[in-house]
Amino acid sequence: PEIGRIFYENAASRTQAALQTFIRRHIELGNLSDEDPVRMAETLMNLCIAQHTRTLWGLGPPTAECIAGDAERYTTWFLRAYAPQ
């Protein structure tokens with residue numbers, strides 16, 4: 001548990017905070033729906049960790065094609081959920 005907490009405090013929480021700032025800016029610009037930026041950042045981060053999870057399970061490192069496909073798919077799903085109506 002301590003290793004997880006240390007990782008969260010030094011990496012994941014910083015990434016999430018930066019992503020929340022990015023999302024807030026795009027809400028202000030009208031590029032994203034006015035939803036909860038914290039939940040929006042969590043949604044996007046959870047989509048993106050799928051690749052890491054597969055690697056942790058021993059399924060091997062992702063190929064460049066797999067990474068590109070995942071990025072395209074996750075972006076599409078995120079925008080379907082949060083693009084302005």
Find out if a path of hydrophobic residues (ILVMFWY) with successive side-chain heavy-atom gaps under 4.5 Å connects Val38 to Met45. no

Among pairs that include at least one residue of residues 44-57, which meet salt bridge (Lys or Arg N to Asp or Glu O under 4.0 Å), considering only residues two or more places apart or in two chains? Arg54-Asp70

Partners passing ring pair (Phe, Tyr, Trp, His ring centres under 6.0 Å) against Tyr8 (at least two apart in sequence or in another chain): none

Sub-4.5 Å side-chain heavy-atom contact between Met40 and Ile27: yes

Pairs satisfying side chain to side chain donor-acceptor pair (under 3.5 Å), at least one member in residues 9-24, at least two apart: Arg5-Glu9

Using the side chain to side chain donor-acceptor pair (under 3.5 Å) rule, collect all pairs that involve residues 29-40, keeping only residues at least two apart or in two chains. His26-Asn31, Arg39-Glu42

Between OG1 of Thr55 and CD1 of Ile49, what distance do you get to the nearest 0.5 Å? 12.0 Å

Hydrophobic side-chain clustering at under 4.5 Å (ILVMFWY, transitive links): who's grouped with Leu59? Put none if nobody. Trp57

Whether over 12 other heavy atoms sit under 6.0 Å from Ile6 CD1: yes

Give me each pair satisfying ring-ring contact (aromatic ring centres under 6.0 Å, His included) with a member in residues 58-85, each pair once, sequence neighbours excluded. Tyr74-Trp77, Phe78-Tyr82

